[in-house]
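Working notes for the structure below.
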Amino acid sequence: MPRLIVVRGVDEGKQFELTGATVIVGRHSANAVSLHDTQVSRRHLEVRAAPHGYEVFDLGSGNGTLLNGQPVQVAPLRSGDTITVGQSVLMFTVGRNELPDAGNDLTLRVKLQARPEQDLNSAIVRTVAADAGSQILSRPAAATDWLRARLASLAALYETAEIISHILDVDQLLDTVMDLVFKSVDADHGCFMLRDEDGRLVPKAVRYRAGMNRQEELAVSRTVVDHVIKEKQGVLVSDVNTDDRFRAVESLHRHNIREAICVPMKGRREVVGVLFLDTQSTLKQVVSRGLDSSKFTEDHLHLASAIAHQAAIAVEESRYHEALVNAERLAAVGQTIAALSHHIKNIMQGVRFGADMVRTAIKEDDKDLLGKGWKLVERNQNRIDDLMLDMLSYSKEREPSVEPTDLNKLCEDVLEIVRGRATDRKVAIEWRAGAGVSLVQCDPDGIHRAVLNLVSNAIDALQDREGAKLSVQALLELDGAWAKVIVMDNGPGIPAEKFEDIFQPFVSTKGSRGTGLGLPVSRKIVREHGGDILVQSVMDKGSKFTIRLPMKSAFTGDIGGTGMHPILPPPSE
């Protein structure tokens, strides 16, 4: 299945299978390939199936599309190409089975033939140590002219390995490497035999040279493979049919394989499999080139060893990356469960305490105590509602319902909601309306919630603060492209080491009074608009949060996002 793999950016590690004839890539949540990069347009580009492959088509994006580092409007795609959109890099891959002449799944043609152990050593023409591949790559000057010329082509392998060492698709990796092998070695058949989690050998990236019968079974001698893995050395087996010493290895003899190369895939830590190549020759071909001549030489053996070594390292890195990602996911799940349990426990303690007060009030017919207890139950019920709403908002991908919105009226409505609470806590409110913000393209409900979260956080931070003051201002930036809502307080401030944490889920400075999702949800809402939340804080002097929104919404016209980090120096005004 053709796919796009994010190798750099906010969505790094994600893979998108391209199931349709036309697939749209962009920030819109309805796209088949939906990215969270704020510099990517809502509908940035299309990947289209063409008669002879696939092509990329830019949809008039604000920041353009780069293919392998070059700007393009329309261009054909090849497996391994990189597409840069905004701050994200995607790699296009397509398995060999998706190519027009791929035929059947060749891995089903591979049979690992098991036979009783025989004297394999008498049939081995050449051997090579398992670490010879790394030695040749580090000291190519020691090789022959033929091999040095072939080693020059390994630059493509290094480049490919560097790109795909960060992804989990081992099959695509071996498929690319086998293409290189067949460009350098005149083999009839080839495959990797890769060890799975149970230690069993599984065929990968099987190749038949053009013109070979693809229905014919590819026999791989277990005797040879076991020897290569056990001794950790590659072998070149030649003249199978004319050497009496090798007749016992029936899998080679019966299928008329004259020459075979098998080398271990030895990485940094272990042997992960083998690379197997073979070639067949008719009697006429043997006579024409000389009985002592072989299609495979010692140079081929060394080159195969070098390539197998590089492939093994890439396989190890891919497996390590996959294990690391899985471990991080499990850790994230555990942290989320622990944080949720902590918050729910705190809320339930309030509910339980309120219920006890209600129970006592009913028993003693104390209406005053009954009212206090019921208010406590209601308050904690509202906290449960807030927690569930925040969780849904944070986890759900949504497209803002954009409409022209008066930012001044929106802020005034928020302040009216919190004015009673601010008065109770002796927090003075200063409001400054701005000019030119009456038609901001945004989702009014979403931005209302984001502003309400910031204002509520500021009031909580000002509790028991002498001369507590909350300032809210709406304004238009000088260039007219961005609208802002600034929420400032003269509270205790936020420590510099906490700047990175405050936007993380379930991190709260309010203790049991907060859900730990208010700021993450607010930033998510604003970023869905193509904007961001900026924060500046000085200890014992206060904090300043700025919601920055594009006047031209990404959902009414494509523009790039801010690309800004949420922690920035104070903006000039």
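- Looking only at side-chain heavy atoms (C-beta outward), F192 and P203 stay at 4.5 Å or farther from each other.
- Within the 4.5 Å cutoff, side-chain heavy atoms of V263 are placed close to those of L301.
- Take V10 and apply the side chain to side chain contact (heavy atoms under 4.5 Å, CB included) test, not counting sequence neighbours, and it matches H36.
- Of all non-hydrogen atoms in S34 and F16, the two that sit nearest each other are O-CZ, 3.9 Å.
- Between R523 and D532 there is no salt bridge, since none of the side-chain N atoms of the basic residue sits less than 4.0 Å from a carboxylate O of the acidic one.
- The distance from atom CD1 of I5 to atom CG of D11, rounded to the nearest 0.5 Å, is 13.5 Å.
- Every side chain to side chain donor-acceptor pair (under 3.5 Å) that R3 has, sequence neighbours left out, goes to Q15, D169.
- R48 CZ: more than 12 foreign heavy atoms inside a 6.0 Å radius.
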Q: Take S61 and V85 through the side-chain contact (heavy atoms from CB on, under 4.5 Å) test and state the conclusion after the steps.
A: CA-CA 9 Å; S61 61; V85 289; over 6 Å; no
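- Nearest heavy atoms, K232 versus P264: C-CG, 4.1 Å.
- Salt bridge K266/E270: absent, no basic N to carboxylate O contact under 4.0 Å.
- Closest heavy-atom contact between L201 and M193: CD2-O, 3.8 Å.
- Within 6.0 Å of CZ on R209 lie more than 12 heavy atoms contributed by other residues, nucleotides or ligands.
- When the side chain to side chain contact (heavy atoms under 4.5 Å, CB included) test is applied to A75, the partners found at least two apart in sequence or on another chain are V56, L67, V72.
- For the atom pair N63 CG and L66 CG, the distance stands at 10.0 Å (nearest 0.5 Å).
- Between D278 and D188, some side-chain heavy-atom pair lies under the 4.5 Å cut-off.
- Remark: R27 does not engage D37 in a salt bridge, criterion side-chain N to carboxylate O under 4.0 Å.
- Counting heavy atoms from C-beta on, the side chains of V228 and Q233 never come closer than 4.5 Å.
- Put simply, the side chain of S221 gets close to the backbone of T223: a donor and an acceptor are under 3.5 Å apart.
- Using a 4.5 Å cut-off on side-chain heavy atoms (C-beta onward), V25 and E46 make no contact.
- Atom CG of residue L59 and atom CD1 of residue I24 lie 6.5 Å apart, to the nearest 0.5 angstrom.
- Judged as a side chain to side chain donor-acceptor pair (under 3.5 Å), and not counting sequence neighbours, N31 has no contacts.
- Taking the charged nitrogens against the carboxylate oxygens, R200 and D196 do have a contact shorter than 4.0 Å, which makes a salt bridge.
- For the side chain to side chain donor-acceptor pair (under 3.5 Å) test, no residue two or more places apart in sequence or in another chain qualifies with E316.
- The nearest pair of heavy atoms linking V40 to G26 is CG1-CA, 3.8 Å.
- Using modelled atom types, no side-chain atom of H227 and backbone atom of V224 make a donor-acceptor pair closer than 3.5 Å.
- Between T84 atom OG1 and Q70 atom CD the span is 10.5 Å, to the nearest 0.5 Å.
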Q. Under the side-chain contact (heavy atoms from CB on, under 4.5 Å) criterion, do L174 and V170 qualify, and how do the steps go?
A. CA-CA 6 Å; L174 297 180; V170 174; 4.1 Å; yes
Q) How far apart are the C-alpha atoms of T22 and F57, what are their side-chain angles, what is the distance that settles it, and do they pass the side-chain contact (heavy atoms from CB on, under 4.5 Å) test? A) CA-CA 10 Å; T22 299; F57 181 80; over 6 Å; no
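- When every heavy atom of V23 is checked against every heavy atom of A32, the shortest pair comes out as CG1-CB, 3.6 Å.
- H44 has its side chain within reach of D58: a pair of non-hydrogen atoms, C-beta onward, lies under 4.5 Å apart.
- Distance alone, capped at 3.5 Å, is enough to place a donor-acceptor pair between the H28 side chain and the A30 backbone.
- Under the 3.5 Å distance criterion, the side-chain polar atoms of S41 are matched with a main-chain donor or acceptor of G62.
- Checked by atom type and distance alone, the side chain of E259 pairs as donor or acceptor with a backbone atom of F296 at under 3.5 Å.
- We find the CZ-CG distance between F92 and L18 to be 6.5 Å, quoted to the nearest 0.5 Å.
- Annotation: side chain of E298 is not in contact with side chain of L236 (no heavy-atom distance under 4.5 Å).
- Side chain to side chain, S401 and D443 fail the donor-acceptor criterion of an N or O pair below 3.5 Å.
- The nearest pair of heavy atoms linking A312 to V272 is CB-CG2, 3.9 Å.
- In this structure, CE on M265 lies 10.5 Å from CD1 on I313, to the nearest 0.5 angstrom.
- A salt bridge links R207 to D179: at least one charged side-chain nitrogen sits closer than 4.0 Å to a carboxylate oxygen.
- Screening L275, V237, V274 for a side chain to side chain contact (heavy atoms under 4.5 Å, CB included) involving C262 leaves a single residue, V274.
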Q. Would L218 and Y208 count as a side-chain contact (heavy atoms from CB on, under 4.5 Å) if you check the C-alpha gap in whole Å, the side-chain angles of each, and the deciding distance to 0.1 Å?
A. CA-CA 9 Å; L218 170 56; Y208 281 39; 3.5 Å; yes
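- Judged as a side chain to side chain donor-acceptor pair (under 3.5 Å), and not counting sequence neighbours, the contacts of N68 are D81, T82.
- In this structure, a donor-acceptor pair under 3.5 Å is present between the side chains of T297 and H300.
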